[in-house]
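Input: a single structure, listed below in structure tokens.
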Amino acid sequence: MDEITSYLEKIENPVYREKFREVMQWVSEYSEDLVGQIKWNQPMFTAHDTFILGFFAAKQHFSVGPEKVVFEEFLPTIEAAGLKHGKKTFQVNFEAEVPYDLLGKIIDQTMILKQDTTTFWLR
């Protein structure tokens, strides 16, 4: 989490910085197998050296990026929650409630899917 702490300093709005810090803390505590780090200038969480979930903080929201196959599986839930999304990521407005239940389900599904994976990304 130390690497992520330096990333937090780049978020100018102190309220948004604290909210993003809370999300990062929640994810890091969700499973003892998750390791928070910075890769490609973004906070990411890995387990047994494989990618589980990535984040990116923007001015008004933060983006969440799971593995593409997991994103596609949860896309109906993401849309039903009214979250904006792209092809592989979805956004959580800093003014909105964080969908922790959805994040937990995405983490659980990814960890099951990648339990025997020895590469960083799915192939």
Side-chain angles (χ1 to χ4, degrees):
M1 274 293 283
D2 289 341
E3 289 182 40
I4 293 175
T5 300
S6 64
Y7 181 89
L8 292 169
E9 294 170 6
K10 298 174 186 176
I11 301 172
E12 292 179 18
N13 183 313
V15 174
Y16 297 170
R17 183 183 322 117
E18 178 58 20
K19 186 164 190 174
F20 195 70
R21 186 200 64 72
E22 289 172 2
V23 172
M24 297 296 96
Q25 188 67 41
W26 183 90
V27 174
S28 71
E29 293 173 357
Y30 185 78
S31 169
E32 62 185 31
D33 295 328
L34 292 172
V35 176
Q37 54 197 285
I38 299 293
K39 289 191 178 287
W40 298 280
N41 298 316
Q42 299 178 44
M44 292 189 178
F45 288 86
T46 61
H48 62 277
D49 297 323
T50 188
F51 173 79
I52 302 299
L53 195 61
F55 294 87
F56 177 79
K59 285 198 180 252
Q60 300 297 319
H61 69 272
F62 63 89
S63 295
V64 181
E67 285 278 5
K68 187 173 194 248
V69 65
V70 176
F71 173 81
E72 290 171 349
E73 179 180 338
F74 283 92
L75 185 55
T77 305
I78 291 165
E79 291 177 335
L83 299 169
K84 288 184 180 182
H85 65 85
K87 292 183 180 181
K88 297 189 280 185
T89 64
F90 64 93
Q91 299 175 0
V92 177
N93 189 299
F94 278 119
E95 299 293 332
E97 189 172 324
V98 177
Y100 288 112
D101 187 53
L102 174 61
L103 290 177
K105 289 176 182 177
I106 288 171
I107 291 167
D108 291 344
Q109 184 60 21
T110 305
M111 290 181 77
I112 290 168
L113 176 69
K114 297 183 80 176
Q115 63 188 349
D116 296 322
T117 300
T118 58
T119 58
F120 192 74
W121 305 106
L122 282 176
R123 293 186 177 177

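Source: prediction; values computed, not measured.
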Item to complete: Using the test side-chain hydrogen bond (donor to acceptor under 3.5 Å, both in side chains), find all partners of Glu12 that sit at least two apart in sequence or belong to another chain.
Response: none
Worksheet entry | Which residues share a side-chain hydrogen bond (donor to acceptor under 3.5 Å, both in side chains) with Lys84, sequence neighbours left out | none
Worksheet item: With sequence neighbours left out, what residues match Glu79 under side-chain hydrogen bond (donor to acceptor under 3.5 Å, both in side chains)?
Response: His85
Worksheet item: Under the salt bridge (Lys or Arg N to Asp or Glu O under 4.0 Å) test, which residues partner Lys39, sequence neighbours left out?
Response: none
Worksheet, complete the sentence: Using a 4.5 Å side-chain heavy-atom cut-off and chaining through intermediate ILVMFWY residues, the residues clustered with Ile112 come out as none
Worksheet item: Taking only residues two or more places apart in sequence, or in another chain, which ones meet Tyr16 in a ring-ring contact (aromatic ring centres under 6.0 Å, His included)?
Response: Phe94
Item to complete: Identify, with sequence neighbours excluded, every residue that meets salt bridge (Lys or Arg N to Asp or Glu O under 4.0 Å) alongside Lys19.
Response: none
Response to the item:
Sorted by chain and residue number, the salt bridge (Lys or Arg N to Asp or Glu O under 4.0 Å) partners of Glu73 (sequence neighbours excluded) come out as none
Discussion item. Can you list everything that forms a side-chain hydrogen bond (donor to acceptor under 3.5 Å, both in side chains) with Asp33? Sequence neighbours excluded, please.
Written reply: none
Item to complete: Enumerate the residue pairs fulfilling salt bridge (charged side-chain N to carboxylate O under 4.0 Å, His left out) with a member in residues 56-70, sequence neighbours excluded, ordered by first and then second residue.
Response: Glu67-Lys114, Lys68-Glu72
Practice prompt. Share the residues that join Val35 in a hydrophobic cluster, the rule being Ile, Leu, Val, Met, Phe, Trp or Tyr side chains under 4.5 Å apart at the heavy-atom level.
Written response: none
Worksheet entry | For Asp101, all residues meeting salt bridge (Lys or Arg N to Asp or Glu O under 4.0 Å), sequence neighbours excluded | Lys105
